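These notes concern the structure reproduced below.
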Amino acid sequence: MFRRSLNRFCAGEEKRVGTRTVFVGNHSVSGTEAYVAQRFCDNRIVSSKYTLWNFLPKNLFEQFRRIANFYFLIIFLVQVTVDTPTSPVTSGLPLFFVITVTAIKQGYEDWLRHRADNEVNKSTVYIIENAKRVRKESEKIKVGDVVEVQADETFPCDLILLSSCTTDGTCYVTTASLDGESNCKIHYAVRDTIALCTAESIDTLRAAIECEQPQPDLYKFVGRINIYSNSLEAVARSLGPENLLLKGATLKNTEKIYGVAVYTGMETKMALNYQGKSQKRSAVEKSINAFLIVYLFILLTKAAVCTTLKYVWQSTPYNDEPWYNQKTQKERETLKVLKMFTDFLSFMVLFNFIIPVSMYVTVEMQKFLGSFFISWDKDFYDEEINEGALVNTSDLNEELGQVDYVFTDKTGTLTENSMEFIECCIDGHKYKGVTQEVDGLSQTDGPLTYFDKADKNREELFLRALCLCHTVEIKTNDAVDGATESAELTYISSSPDEIALVKGAKKYGFTFLGNRNGHMRVENQRKEIEEYELLHTLNFDAVRRRMSVIVKTQEGDILLFCKGADSAVFPRVQNHEIELTKVHVERNAMDGYRTLCVAFKEIAPDDYERINRQLIEAKMALQDREEKMEKVFDDIETNMNLIGATAVEDKLQDQAAETIEALHAAGLKVWVLTGDKMETAKSTCYACRLFQTNTELLELTTKTIEESERKEDRLHELLIEYRKKLLHEFPKSTRSLKKAWTEHQEYGLIIDGSTLSLILNSSQDSSSNNYKSIFLQICMKCTAVLCCRMAPLQKAQNLCFILPQFLYQFFCGFSQQPLYDAAYLTMYNICFTSLPILAYSLLEQHINIDTLTSDPRLYMKISGNAMLQLGPFLYWTFLAAFEGTVFFFGTYFLFQTASLEENGKVYGNWTFGTIVFTVLVFTVTLKLALDTRFWTWINHFVIWGSLAFYVFFSFFWGGIIWPFLKQQRMYFVFAQMLSSVSTWLAIILLIFISLFPEILLIVLKNVRRRSARKLICSSV
Amino acid sequence: MTWSATARGAHQPDNTAFTQQRLPAWQPLLSASIALPLFFCAGLAFIGLGLGLYYSSNGIKELEYDYTGDSGTGNCSVCAAADQGRAPPPPCSCAWNFSLPELFQGPVYLYYELTNFYQNNRRYGVSRDDEQLSGLPSALRHPVNECAPYQLSAAGLPIAPCGAIANSLFNDSFSLWHQRLPGGLYVEVPLDRSGIAWWTDYHVKFRNPPLVNGSLALAFQGTAPPPNWRRPVYELSPDPNNTGFINQDFVVWMRTAALPTFRKLYARIRQGNYSAGLPRGAYRVNITYNYPVRAFGGHKLLIFSSISWMGGKNPFLGIAYLVVGSLCILTGFVMLIVYIRYQDQDDDDEE
């Protein structure tokens, strides 16, 4: 929201204008003087949410949007305005505490963002001004400035590449920080500015760039540069994404470049993509909210019941106003309805602690601190990239334990995306292994070299195609471009497939030597260098799924080479040898290789003229460029001749199979999304054990469907059939479904794009994943278990805290007499009970780390928010109700005597409340202690420390006559209470009774577990 | 947030036990072999304690008499009939005669009990001024508003002590007479009215205002007694250490009771011949019947009680301990059976 408003501020009214005009170097171009310069925002990045002066109001506003905080604010206001049994401090102080803690946390996080922003905004950049290199802070860059960027620096804003230190005006860029793709991409400068590679010369450039207004799509950019040379006749060149250098990307393998800023600051594509720290609500928080509402309902009911009973009770006059307790004149005159209303509010205030004010803060602290454990975890640390796990937002930590579906890309996630050329087929003849015949060496690398040979010309044509049809660039380690220095060649490409193919061609004797002056140089098997003029590159895109190059041979022939997915190439080739190649392709795909088909065609010079014109026209278009290009490409890539196919292996990631198995065992459903051939994907799925041998595959693909005429009917049939199968196999309840998954027949579903678009609403699953995450799940597991348990526990704590208060109303004439002293009410949630639960939630390990790591099935137990379901919630609630009753009536019966002391002195109501409270604090803390199975020194410290603090505080609070208190209710109450043996005995007894069910349950569980383990042992 | 510094600063994590969540930890497992002996021990201990408590409680003697004066229940009914009106009722006196066949083992404490009296009512409970009661002169003249309607007298003078609690001070008084020999003279049994309040209340929390010219009466000049009181606060007792705000009856009363039926300590009998208890013989309690309870459906009782280490008579604790102790042992047995059966199963399986 904030960003949007900022954008509005930045972009001003220009937002509506479709394009913006940028003057390179901010030199006005004479012809366009009439132009009113547009205002653009500066290059400042703002990711922080708050500033120094808006922090307080904005943060408070955001915090009070949270139900519980708002509720406590209301309670506080009621306490301030209405005569209520407890002072506003009792709810004001905890609220203040909670708000402060949260504000500090958010303030800290925002400070980090400020710091990060500053680091970016204040970084040094070099700008060319008046032919001089000027050092500036990054935030000072204006649109139109010419910026110099050196190797391994990140671009400070979105730039149009004007020139680079290389002669051909290209540069390499990695966008790892933007889209995670770490390979080098090539960007180009416009031909006319390539030469301007010094500060002086670039300053002479007079040009205007027209481009679209900022938009978040990283891969889209449309613009035009008008270059005014001396003749003042503008030369227009088109600009596309290949000319645009994005902020955040890094310059690689290029010494330096000059670029002109087109989008700055919050208008850069990166900033537009930045989603801010959106308020994501985890399922846990949602269910906490739901339970909160339940408790709110209980609270309202209690208040209503008490109010009603109060008026019933008061209908007897001597109960309403006995002679010893008369009302003031004002009280008598108050309207009865109003009195009832204030009574209702008073009861609400009295019972309001049933909703624990500190719960959110505990949960938040837990998440915040828990996220440190994730980033600290050594097991997440990857030595190769020198990075550990990074927690972007702590809001969703516990969600990691609730994952049901894992969606994974195949290439680069399941597989390493490092390709290796395996084999190829030329005209249906299989080539495998390495042939080095030409060098005169008869050595072969494998058992097979050729099965039989295709025609030599076809073979060479195929290898030439491999060498030419790509966008691979060469980085020479040696500055001297020696023609024969093939050993020093390093290939750089945006696609690892291409490198694999080029390397594959090299194995067969055709070496790509790089581009020179727009000519591609290839060394053939006879060590001769062939040069081809690169006329056009028809880039790869995901829709066409193929790419082409148009080259001119030394003889002047114009050739088109095309390679692409079989489905994209087969329909466009004319020869009838498809069948032979198809067999190869399909077999390769079954083996899990990535296959590409290669085709070529000769273009007659006349045709080329037309094609050339069309291509240039399409490239220059400002509107609908994509569509136009596509159309032209489509026209060109027809009537080709199929030469052969290649197979490239993409190795599986380390431990991918194990990870998938673990995920599988954990009951997660894994979906693999891939652009590969179905057979390739299938075999990868088998390889990474996503599909087991006993997995029954349900296929929803064009193959299974297109057999019948009416696609949709057939699809419908299939769907129903599969559903029947699945329903039959799985028991109906969703709970056991997960268990059933491992025991019964497994199903995998394969669905392809065209079929998917046919249905789009149906779903079942196939499974798979992401490597390193064996460890990932585990840590999350712990976090999740803990988080989940905490909430009901704490609410239960508060229920047994408030229930005695409620019961007491029956014995004090429903007069809203508080049972506990205000200090106890205030401190209960903040000091006495919050730390142990926090420590518990952070440190508890119910199950040993190693057990968790080795047994992913445990995951099933906690996913689906199992711990926050109704069952445990009710269990905790009833247990708390039991405890509250025990506390109150235990003390009640204890007080059925003249005296509890051996000197016959009598206790009052505050002693009564203090006994209940003492039992309560001890019970709640000890209960947590019983649940703790992992006692680190922190747990010891916090649990025993809390109890000690309670005792210390009680002595202290009762030991002094506090001048600021109106009533010295607690004066020496605690000490006097402890001087009675009976009270000690009663406290011990009541604590024991309250804990008894819990102890019993734990012991029973342990007995069962032990015997179960024994059974397993003995059966083995 | 790719440009954030936090993203960049990822280094190799510290390899400490804390950050790796591998702190040394004690992992107790409440297994049956630990729990069972624990249950039995706890059960036995509880039963032992319970027996002790039960017999202590049973050993405590209580003698109580309801002198509310419901018609036909003794001679206090005359007074009760007179008190049908509003407070303050006319003074009246009645008596309770009883005889002890044997020694009433001491030390004996005399309590009064009120029922259906809500000292724990919130409006009642806040109707006091602790600053005034601590002897602060400014508070003496300006009682807090919570005291209303017992804040200012009809004449507009500040009431000292103010508030509903003070105003409703229990004002029946008792004297105990003992007839050693049948037909003999009744001798007054000395009642120790001191030391019935909490030490801290009497010595710290409640203080008289500073004397004016050595006179407590002058210190209270300009204040009015609570409307129900017959005497001003400085005349509660002739003993200067037991009058004014530090009058022990008053201090005891000001500690509001937890429940609507409550007892308050009236006196201790521990002087002279009575230090060992009340010897056998006939007794009479002379009651000055002032306090109206029938107006709110309450009762008042008089109780002689002996006290043990655990306080007054209270069978609850003993019984509760016995029940919980037995329950422990019972569960212990049940679990033992379950445990043995599981073990048998295991053995069978092994065979």
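Computed from a prediction, not measured in an experiment: that's the story for all the values here. In what follows, every chain begins at residue 1, and chains take the letters A, B, ... in the order their sequences are listed. Computed from heavy atoms alone, side chains included, the values below leave out hydrogens, waters and symmetry copies.
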- Query: Only one of Tyr892(A), Phe893(A), Phe889(A) forms a ring pair (Phe, Tyr, Trp, His ring centres under 6.0 Å) with Phe316(B), so which one is it?
  - Reply: Phe893(A)

- Separation of Leu965(A) CG from Asp130(B) CG (nearest 0.5 Å): 9.5 Å

- Message: Strictly distance-based, threshold 3.5 Å: is any side-chain N or O of Asn120(B) a donor or acceptor partner for the main-chain N or O of Asn909(A)?
- Response: no

- Note on the structure: Heaviest contributor of heavy-atom pairs below 4.5 Å to chain B, chosen from Phe811(A), Trp910(A), Tyr907(A), is Phe811(A)

- Under a 4.5 Å heavy-atom cut-off, does chain A meet the side chain of Val126(B), its backbone, both or neither? both

- Are Leu1000(A) and Phe39(B) close enough that some pair of their side-chain heavy atoms sits under 4.5 Å apart? yes

- Query: If you draw a 6.0 Å radius around CH2 in Trp937(A), do more than 12 non-hydrogen atoms from other residues or ligands fall strictly inside?
  - Reply: no

- Query: Does Asn903(A) reach the side chain of Trp199(B), with side-chain heavy atoms less than 4.5 Å apart?
  - Reply: no

- Closest heavy-atom contact between Thr897(A) and Gly312(B)? OG1-C, 3.3 Å

- Task: Could you check if a side-chain atom of Tyr318(A) sits within less than 4.5 angstrom of a side-chain atom of Asn116(B), using non-hydrogen atoms only?
- Result: yes

- Query: Which region of Ile938(A), side chain (C-beta onward) or backbone (N, CA, C, O), has a non-hydrogen atom less than 4.5 Å from a non-hydrogen atom of chain B, or is it both or neither?
  - Reply: side chain

- Heavy-atom donor-acceptor pair, Tyr109(B) side chain to Ser899(A) backbone, under 3.5 Å: no

- Item | chain A contact via Ala148(B) - which portion, at a heavy-atom distance below 4.5 Å | both

- Query: Rounded to the nearest 0.5 Å, how far apart are CG of Asn167(B) and CD of Gln326(A)?
  - Reply: 8.0 Å

- Message: For the CZ atom of Arg123(B) and the NZ atom of Lys327(A), what is their distance to the nearest 0.5 Å?
- Response: 5.5 Å

- Task: Please tell me if the side chains of Phe996(A) and Thr331(B) come closer than 4.5 Å, counting only heavy atoms from C-beta onward.
- Result: yes

- Item | Inter-residue atom distance Phe46(B).CZ - Ile988(A).CD1, 0.5 Å rounding | 7.5 Å

- Message: Using only atom types and a distance under 3.5 Å, with no angle test, would you say the side chain of Arg122(B) pairs donor to acceptor with the backbone of Ser815(A)?
- Response: yes

- Query: Which region of Ile196(B), side chain (C-beta onward) or backbone (N, CA, C, O), has a non-hydrogen atom less than 4.5 Å from a non-hydrogen atom of chain A, or is it both or neither?
  - Reply: backbone

- What part of Ile303(B) lies closer than 4.5 angstrom to a heavy atom of chain A: side chain, backbone, both or neither? neither

- Task: Counting only heavy atoms closer than 4.5 Å, note whether Asp129(B) contacts chain A via side chain, backbone, both or neither.
- Result: neither

- Okay, Leu133(B) and chain A: the region with an atom under 4.5 Å from a heavy atom over there is neither

- Task: Would you mind checking which part of Gln329(A) comes under 4.5 Å of any heavy atom in chain B, side chain (CB onward), backbone (N, CA, C, O), both or neither?
- Result: neither

- Query: Should Arg255(B) and Val906(A) count as side-chain neighbours, where that means a heavy-atom distance under 4.5 Å?
  - Reply: no

- Message: Looking at every non-hydrogen atom in both residues, tell me the closest pair between Ile307(B) and Glu901(A) and how far apart they are.
- Response: CG2-O, 3.6 Å

- Task: Examine whether an atom of Pro260(B) lies under 4.5 Å from a heavy atom of chain A, and if so say whether it belongs to the side chain, the backbone or both; otherwise answer neither.
- Result: both

- Note on the structure: If you tally heavy-atom pairs under 4.5 Å between each of Pro85(A), Gly813(A), Pro963(A) and chain B, the highest tally belongs to Pro85(A)

- Picking from Glu902(A), Lys905(A), His940(A), which has the most non-hydrogen pairs under 4.5 angstrom with chain B? Lys905(A)

- Would you say the side chain of Phe992(A) lies within less than 4.5 Å of the side chain of Tyr321(B), judging by non-hydrogen atoms? no

- Tell me, for Thr316(A) versus chain B, whether the close heavy atoms (under 4.5 Å) come from the side chain, the backbone, both or neither. neither

- Got Phe117(B) and Pro322(A) here, is their nearest side-chain heavy-atom distance under 4.5 Å? no

- Pairwise distance NZ(Lys313(B)) to CD(Gln896(A)) - rounded to 0.5 angstrom: 14.5 Å

- Query: Is it the side chain or the backbone of Glu146(B) that comes within 4.5 Å of chain A heavy atoms, both, or neither?
  - Reply: side chain

- Contact check, side chains of Leu985(A) and Leu49(B), non-hydrogen atoms, under 4.5 Å: yes

- Item | Contacting moiety of Ile961(A), where chain B heavy atoms sit under 4.5 Å | side chain

- By a 4.5 Å heavy-atom criterion (distance strictly below it), what part of Ser980(A) contacts chain B: side chain, backbone, both, or neither? neither

- Task: Would you please test Trp323(A) and Tyr291(B) for ring pair (Phe, Tyr, Trp, His ring centres under 6.0 Å) and show each step?
- Result: CA-CA 11 Å; Trp323(A) 63 262; Tyr291(B) 207 70; 5.2 Å; yes

- Item | Side chain, backbone, both or neither of Met310(B) within contact of chain A (heavy atoms, under 4.5 Å) | both

- Under 4.5 Å to a heavy atom of chain A? For Phe296(B) that would be both

- If you round to the nearest 0.5 Å, how far is OH of Tyr324(A) from CG of Leu114(B)? 9.0 Å

- Using non-hydrogen atoms and a 4.5 Å limit, figure out which bit of Lys205(B) sits close to chain A: side chain, backbone, both or neither. both

- Query: In terms of heavy-atom proximity below 4.5 Å to chain A, should Tyr118(B) be classed as side chain, backbone, both, or neither?
  - Reply: both

